[in-house]
Amino acid sequence: MQSQTLNASPAEPSVVQIGPRPLRSESLTRRALRRFRRHRLAMFGLLVLNVLILLSALAPQISRHSPYDFNLQARAVEPSGEHWLGTDRTGRDLWARVVLGGRVSLSVGIVAVALSTTLGVAIGSLAGYFGGTLDMLLMRFTDMVMTFPSLIILITLVAVLEPSIYNSMLAIGLLSWPGLARIVRGQFLSLRQAEFVTAAHCLGVPAWRIILLHILPNTLGPIIVAATFGMGSAILLEAGLSFLGLGVQPPQPSWGNMLRDAASPTTLESMPWMWVPPGVLIIISVLSVNFIGDGLRDAFDPRSDL
Amino acid sequence: MLKYIIKRVLVSIPLLFAITVVVFALSHLMPGDAVLAMTTDQAPISEELIAIRRGQLGLDQPLPVQYVNWMQQVLQGNFGYSYVESTPVNEMIAARVLPTLQLMGTSLIFSIVVGVLLGLVSALRQYSVLDYALTILGFIGVSVPVFFLGMILVYVFALRLQWFPTSGMRTAGEPYSLVDNLRHLFLPALALAILRTAVFMRFTRDSVLEVLNQDYVRTARAKGLRLWTINWRHIFRNAMIPIVTVIGLNLPVLFAGAVFIETIFQWPGIGLLFIGAVNDRDAPVIMGLTLIFAIIVLGSNLLTDIAYALVDPRIAYD
Amino acid sequence: MKLVLRLTTLALVSVFGFSLFALNHAPAASQDGGGTYRAGFRDGCVQSSLITTCGHRLDATVMQPLAAIRWTADGLQPLLAESWQVEEDGRVFIFNLREGVTWHDGEPFTADDVIFSFNAYANPAVGSRWADKLSQVAGYAEFQAGEADSLVGVTKVDDLTVRVELASPAPLWLELSQIYIVIFPEHILGEVPPEELVGHSFWTNRIGTGPFRWANYEPDQFIELERNADYFLGAPQLERIIYQIYSDANTHVAALENGEIDSIAYETLLLPVTEVGRLLDREGIFVKPTQDAGLPSFLRLNSELDIFADERVRQAMMYAIDRQAIVDSLWEGYARVANTFFPQEWTWAEDMNTYAYDPDRARELLEEAGWDSSREIDFVYHYGDSLSADLIVVMQQYLADVGIIVNPRRLDPAVINEMYLDGSFELGYFALGIGLDPSAGETMIGCGTLLAFSYCNERVDELFDLGLSTADRDERAVYYQEISQILNEEVPAVWLWYQVRPMAFSTRVDGLVEHWQEQPVILFNLPVYNEIETWSVSE
């Protein structure tokens with residue numbers, strides 16, 4: 001759904017016309033950091049996201065109840081001092097489930113993005129650095145993966161792999177790298193002719209070192225930006241998969257499957273405590289990630305004179 | 001130009017071939033098959049019966065043979081017969097293309113018009129309250145899961161307010177009327193449009209801002225050209241380049257986004273067909289749809305590149 | 001730029017204006033004749049009557065059997081057969097077909113249609129799911145084995161008389177088997193090769209003899225039927241029936257609430273029990289919460305596994321799950337606790353063990369059986385609704401509480417059916433429509449059947465045979481009660497509950513609510529004579 005737009009395109013305009021950049025990454029990073037700090041929305045997003053991550057990480061410590069223990073005598077209870085967010089239809093504590101669900105949803109986002117970033121960087125840098133036949137083959141492969149509408153193939157892939165949290169991570173990760181691969185390849189194409197690369201080459205530095213230590217640090221900006229936006233769309237994709245019953249499986253909570261379980265008109269009408277928290281948290285977490293992404297993009301944009 | 005187009009098309013052919021292999025493999029790697037998916041829990045079925053049905057559908061053949069059979073049909077322009085409905089896949093897809101196009105087209109046009117307009121306003125009034133409000137709204141727009149949005153719209157506008165029907169494409173059994181069709185279209189199209197609007201708005205704003213900061217615009221302003229003249233002649237045209245790209249990139253995504261909305265609204269389009277086919281293990285339909293999607297994506301990438309080339313004369317074709 | 005702005009404004013204004021207009025546009029009421037009845041219909045049921053288990057609504061209105069189960073009263077409603085004689089204690093049936101019946105295309109209905117249809121169901125090349133409904137007909141075994149090219153037991157006496165001879169007397173054959181067999185037009189399907197019958201385009205444009213004609217089918221949208229003015233039981237009042245197709249249960253419920261459809265019945269997507277309470281309060285909607293005898297739901301055990309070999313382990317699982325609490329809470333009362341397979345009360349033995357919740361007893365039994373609580377059991381199910389997810393989770397914990405660790409996995413039906421076939425599953429949550437009569441249970445629990453796995457009790461098979469040897473209810477009850485007693489003690493599956501499927505109807509349709517109200521119990525998976533020709537819509 002939202003995936004391609006967010007992870008591929010927003011980063012692209014800044015990349016397409018990227019000009020000569022400072023070669024020493026420290027100053028670049030420092031400048032980016034300084035700019036990022038001045039981006040109010042991004043700082044706000046970072047704060048919110050940190051709170052969410054903290055809550056998720058501490059999930060068991062900050063819940064008075066187990067997220068799994070049902071209580072058929074206390075079903076669908078409104079929020080109270082005992083159950084901060086009320087209980088669901090089996091009487092499970094929703095606060096405990098929401099924070100644990102956050103852990104699940106955020107880790108799907110993080111792992112999927114880690115996977116797609118690794119793939120995207122590896123394929124993009126190899127193609128861009130070596131060029132020629134390898135470039136041609138890798139890029140045709142990238143084209144092919146890009147050609148499959150992500151959600152359509154994601155649904156098929158999850159059906160093949162059997163729905164679960166790990167397979168959601170795997171499937172999302174395996175399908176979201178092509179945009180990044182193209183960006184990285186573009187960067188490598190422009191940088192491999194740069195003087196410092198030629199110099200390193202002449203000194204006999206092995207290719208892998210040039211790729212990893214010389215060129216890659218100079219392309220970190222767009223990679224980080226793409227990864228950030230990618231995380232937002234991975235969280236949304238997981239929610240979407242869960243909605244179709246193909247994502248994280250019960251009893252494990254994720255914000256997506258909690259939302260889906262509350263999708264009936266009765267719940268929407270009279271049990272808002274079941275759907276408002278997971279719904280709002282999905283929106284807030286994706287929003288924060290997108291704010292951060294926006295801030296990072298501005299920060300790494302060499303044309304911006306903020 | 002022509003040479004460029006031909007080259008692009010030729011490159012796509014081996015790609016398509018590889019795609020057929022992947023598509024075939026994926027739809028046959030799914031555990032279980034169409035016959036097993038049909039053996040519901042309501043009435044037991046015997047092993048003999050399963051064997052008979054498999055034989056009728058050709059599922060008892062080895063996979064490479066099935067692939068070759070399928071490819072022979074595909075090369076003749078038909079995608080075989082549905083395992084479930086027994087109708088030609090071509091017909092099934094053809095019947096769903098118009099509903100999906102209507103839904104997608106409406107939401108796309110709405111979101112392009114509104115998104116570009118708001119983006120423009122936002123850019124021209126940069127750092128105003130309006131700009132901030134629109135920016136934040138836009139961010140929220142892309143952060144809402146589309147199925148959630150659909151659910152809420154149904155609940156509010158169909159169930160509570162009863163302004164619109166909850167689902168379907170038209171009132172069954174009544175002669176087709178445009179008004180009736182549009183009433184059914186409104187909610188699903190709106191759900192899809194909200195997200196796209198936010199995307200287009202964001203992009204328009206960014207690319208207009210970029211152009212505004214270019215030296216020639218500053219020069220034009222300094223020369224005292226009226227703002228609207230500058231906007232139209234200088235800003236808008238140049239800003240269109242990335243916008244066209246984004247629209248092109250969004251075409252295939254739009255089709256995929258239909259999956260959720262079509263399920264929630266029982267919109268008889270391609271997304272609904274696809275979800276049903278995956279559950280039913282209806283391999284010919286899955287393969288037909290995925291292949292057509294792939295062709296659409298290839299096509300729209302090509303169109304985007306051509307449009308890009310047309311809008312920006314600096315791009316060389318070869 | 002100004003032009004663009006103006007155009008955009010215009011576009012926005014028109015969209016806005018249109019939405020205002022939409023507010024005042026109520027759904028058009030049809031004024032002609034008896035109106036339109038809009039029934040909810042499940043996605044995927046528009047397949048051949050030869051293979052569907054859910055397309056029977058169509059078979060009650062378009063296609064018809066010789067005789068159907070009556071909606072209310074006992075006995076059978078003569079449809080295409082006007083009367084019949086039973087000879088030789090129920091071994092020979094002679095059907096006198098109704099005279100003057102025509103197919104919707106004007107061709108006369110004759111004995112040839114009946115003979116063709118019986119052979120189509122029984123033909124092994126066709127692969128009909130209902131073939132076994134003809135298994136008692138003389139010559140069925142030979143036909144299935146390929147030694148004969150038709151059913152010798154079915155013969156034409158004259159154009160309006162058909163003689164059916166069974167291999168041995170079956171007094172209940174008409175009531176239990178015949179009613180499933182809807183008759184097809186021989187003049188249309190007669191020339192179709194048997195292996196292409198199931199996939200023939202006829203099924204999306206049917207020609208039948210029923211009160212309604214097939215008018216229009218829009219995939220994923222609706223099936224439209226129109227009045228058959230020449231219907232032999234009198235022209236229907238209703239102008240049209242629309243079967244509106246849904247694939248999502250919540251959408252379906254919303255459509256009923258919004259007045260877009262008139263019924264959610266057991267053959268459509270189920271009405272979620274969570275929605276019943278709200279619908280009960282809605283004006284213009286009639287809810288029939290407990291119509292249904294219930295869908296037997298149970299945990300199916302792979303009896304080939306050593307871990308389930310000990311009867312005490314299986315009994316412990318019955319004690320471990322507080323089924324009554326689950327029925328009262330998660331099911332909101334729309335289910336009944338099951339202690340055996342059959343949902344029909346007359347088949348229940350009086351002194352069956354009720355397995356009331358007793359985790360201590362369960363632990364005791366497990367200890368006696370030497371249960372290894374480190375053994376993790378793969379637990380599969382395929383129901384995608386959130387109630388099922390809750391049920392699974394609750395059962396998982398009840399079992400864990402006594403030391404049985406199960407790991408639930410939701411899989412597609414196709415995958416689960418494959419695990420059934422190759423025997424690779426361990427534990428599964430299932431609900432099975434057993435149908436009208438307990439005799440249908442033989443195909444599910446009898447020795448050597450696909451669903452029974454290696455569970456086999458010869459006494460049960462014997463009793464199933466005895467149960468069909470007489471038509472006398474009291475005598476039959478004795479046999480089935482013994483079966484239910486055995487199944488209650490041996491626990492070949494963990495009996496959970498009979499799922500009562502609530503239904504909801506719009507009071508707009510005269511006849512609809514009345515008839516559902518009168519029907520004592522749901523008869524599953526077969527065309528029912530529902531007097532639909534007498535229904536009408538009052539606007």
Side-chain angles (χ1 to χ4, degrees), chain A residues 1-6 8-10 12-14 16-17 41 45 140-141 143-157 159-162 232-233 235-236 239-240 243-244 246 255-256 259-260 262-263 265 268-269 275 279 282-291 294 303 305, chain B residues 11-12 14-16 18-19 22-23 26-27 29-31 135-136 139-140 142-148 151-152 154-155 159-160 195-196 199 202-203 206-207 210 213 242 245-246 249-250 252-253 255-257 259-260 263-264 271 274-275 278-279 281 286 289-290 293-298 301:
Chain A
M1 40 192 251
Q2 288 102 317
S3 61
Q4 294 190 1
T5 349
L6 279 182
S9 1
E12 236 158 30
S14 62
V16 172
Q17 293 150 28
L41 286 179
R140 291 294 80 75
F141 179 61
D143 284 348
M144 192 179 80
V145 178
M146 247 188 160
T147 306
F148 295 120
S150 58
L151 190 70
I152 295 288
I153 216 73
L154 195 60
I155 291 168
T156 321
L157 195 61
V160 171
L161 294 173
E162 176 179 320
S233 46
I235 294 174
L236 283 175
F243 172 74
L244 296 173
L246 295 168
W255 291 336
L259 210 48
R260 167 175 177 271
L268 282 179
E269 184 166 271
W275 58 268
I282 290 182
I283 296 174
I284 287 189
S285 59
V286 178
L287 195 61
S288 319
V289 168
N290 285 344
F291 280 157
D294 197 50
R303 291 157 300 161
D305 48 14
Chain B
V11 167
S12 304
L15 200 60
L16 267 178
I19 288 168
V22 175
V23 162
L26 270 179
S27 55
L29 274 174
M30 283 195 254
T135 302
I136 290 175
F139 268 114
I140 294 177
V142 291
S143 305
V144 182
V146 67
F147 67 89
F148 186 57
M151 271 161 45
I152 303 275
V154 172
Y155 178 70
L159 279 182
R160 296 303 304 183
L195 167 79
R196 294 294 122 195
V199 173
R202 208 58 209 134
F203 267 85
D206 286 355
S207 57
E210 196 155 294
N213 287 331
T245 317
V246 175
L249 275 173
N250 268 284
V253 184
F255 266 92
V259 170
F260 298 108
T263 308
I264 290 172
F274 182 79
I275 287 287
V278 169
N279 287 334
R281 298 291 189 265
I286 300 173
L289 277 177
T290 333
F293 274 128
I295 293 170
I296 292 174
V297 178
L298 279 181
N301 285 352

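Given the structure is predicted, the values throughout are model-derived calculations rather than measurements. Both backbone and side-chain heavy atoms feed into the values below; hydrogens, waters and symmetry mates do not. Every chain is numbered from 1, with letters handed out A, B, ... down the list of sequences.
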Enquirer: Given the options A:I282, A:L41, A:L259, which has more heavy-atom pairs under 4.5 Å with chain B than any of the others?
Expert: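 If we count pairs closer than 4.5 Å to chain B, A:L259 comes out on top.
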
Enquirer: For the candidates B:V278, B:I19, B:L289, which exhibits the highest count of non-hydrogen atom pairs separated by less than 4.5 Å from chain A?
Expert: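 The option with the most such pairs is B:I19.
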
Enquirer: Can you tell me how far the OG1 atom of B:T135 sits from the CZ atom of A:F291, to the nearest 0.5 Å?
Expert: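 B:T135 atom OG1 to A:F291 atom CZ measures 9.0 Å (nearest 0.5 Å).
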
Enquirer: So for B:V154, is it side chain, backbone, both, or neither that comes closer than 4.5 Å to the heavy atoms of chain A?
Expert: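 The answer is neither part of B:V154.
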
Enquirer: Output the distance between atom CG (A:L236) and atom CH2 (A:W255), rounded to the nearest 0.5 Å.
Expert: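 Rounded to the nearest 0.5 Å, the CG-CH2 separation comes out at 11.5 Å.
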
Enquirer: Relative to chain B, which segment of A:I235 carries a heavy atom at a distance below 4.5 Å: side chain, backbone, both, or neither?
Expert: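 A:I235 has no heavy atom closer than 4.5 Å to chain B.
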
Enquirer: Let me know if B:L159 has heavy atoms under 4.5 Å from chain A in its side chain, its backbone, both or neither.
Expert: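 Contact with chain A is through the side chain of B:L159 alone.
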
Enquirer: With a 4.5 angstrom heavy-atom cut-off, is it the side chain or the backbone of A:E162 that approaches chain B, or both, or neither?
Expert: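 Neither part, no heavy atoms under 4.5 Å.
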
Enquirer: Tell me whether B:R281 contacts the main-chain N or O of B:S27 through its side chain, where contact means a donor paired with an acceptor under 3.5 Å.
Expert: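 Between the backbone of B:S27 and the side chain of B:R281 there is no qualifying donor-acceptor contact (under 3.5 Å).
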
Enquirer: Return the option, out of B:N279, B:L29, B:L15, with the maximum number of heavy-atom pairs under 4.5 Å with chain A.
Expert: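 Looking at each of B:N279, B:L29, B:L15 in turn, B:L15 comes out on top.
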
Enquirer: Could you walk me through whether B:V259 and A:L244 pass the side chain to side chain contact (heavy atoms under 4.5 Å, CB included) check?
Expert: CA-CA 9 Å; B:V259 170; A:L244 296 173; 4.1 Å; yes

Enquirer: Give the C-alpha distance, both sets of side-chain angles, the deciding distance and a yes or no for side chain to side chain contact (heavy atoms under 4.5 Å, CB included) between A:D294 and B:R202.
Expert: CA-CA 11 Å; A:D294 197 50; B:R202 208 58 209 134; 2.9 Å; yes

Enquirer: Non-hydrogen atoms of chain B under 4.5 Å away: do they reach the side chain of A:F141, the backbone, both or neither?
Expert: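 When you check distances to chain B, no heavy atom of A:F141 falls under 4.5 Å.
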
Enquirer: Hey, mind stepping through A:S285 and A:V289 against side chain to side chain contact (heavy atoms under 4.5 Å, CB included) and telling me if it holds?
Expert: CA-CA 6 Å; A:S285 59; A:V289 168; 5.5 Å; no

Enquirer: As an exercise, state the distance from CZ of B:F148 to CD1 of B:I264, rounded to the nearest 0.5 Å.
Expert: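 Interatomic distance, B:F148 CZ to B:I264 CD1, rounded to 0.5 Å: 10.5 Å.
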
Enquirer: Using heavy-atom distances under 4.5 Å, tell me whether B:F274 contacts chain A through its side chain, its backbone, both, or neither.
Expert: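 Interface part for B:F274: side chain.
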
Enquirer: With a 4.5 angstrom heavy-atom cut-off, is it the side chain or the backbone of B:L16 that approaches chain A, or both, or neither?
Expert: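 Looking at B:L16, nothing touches chain A.
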
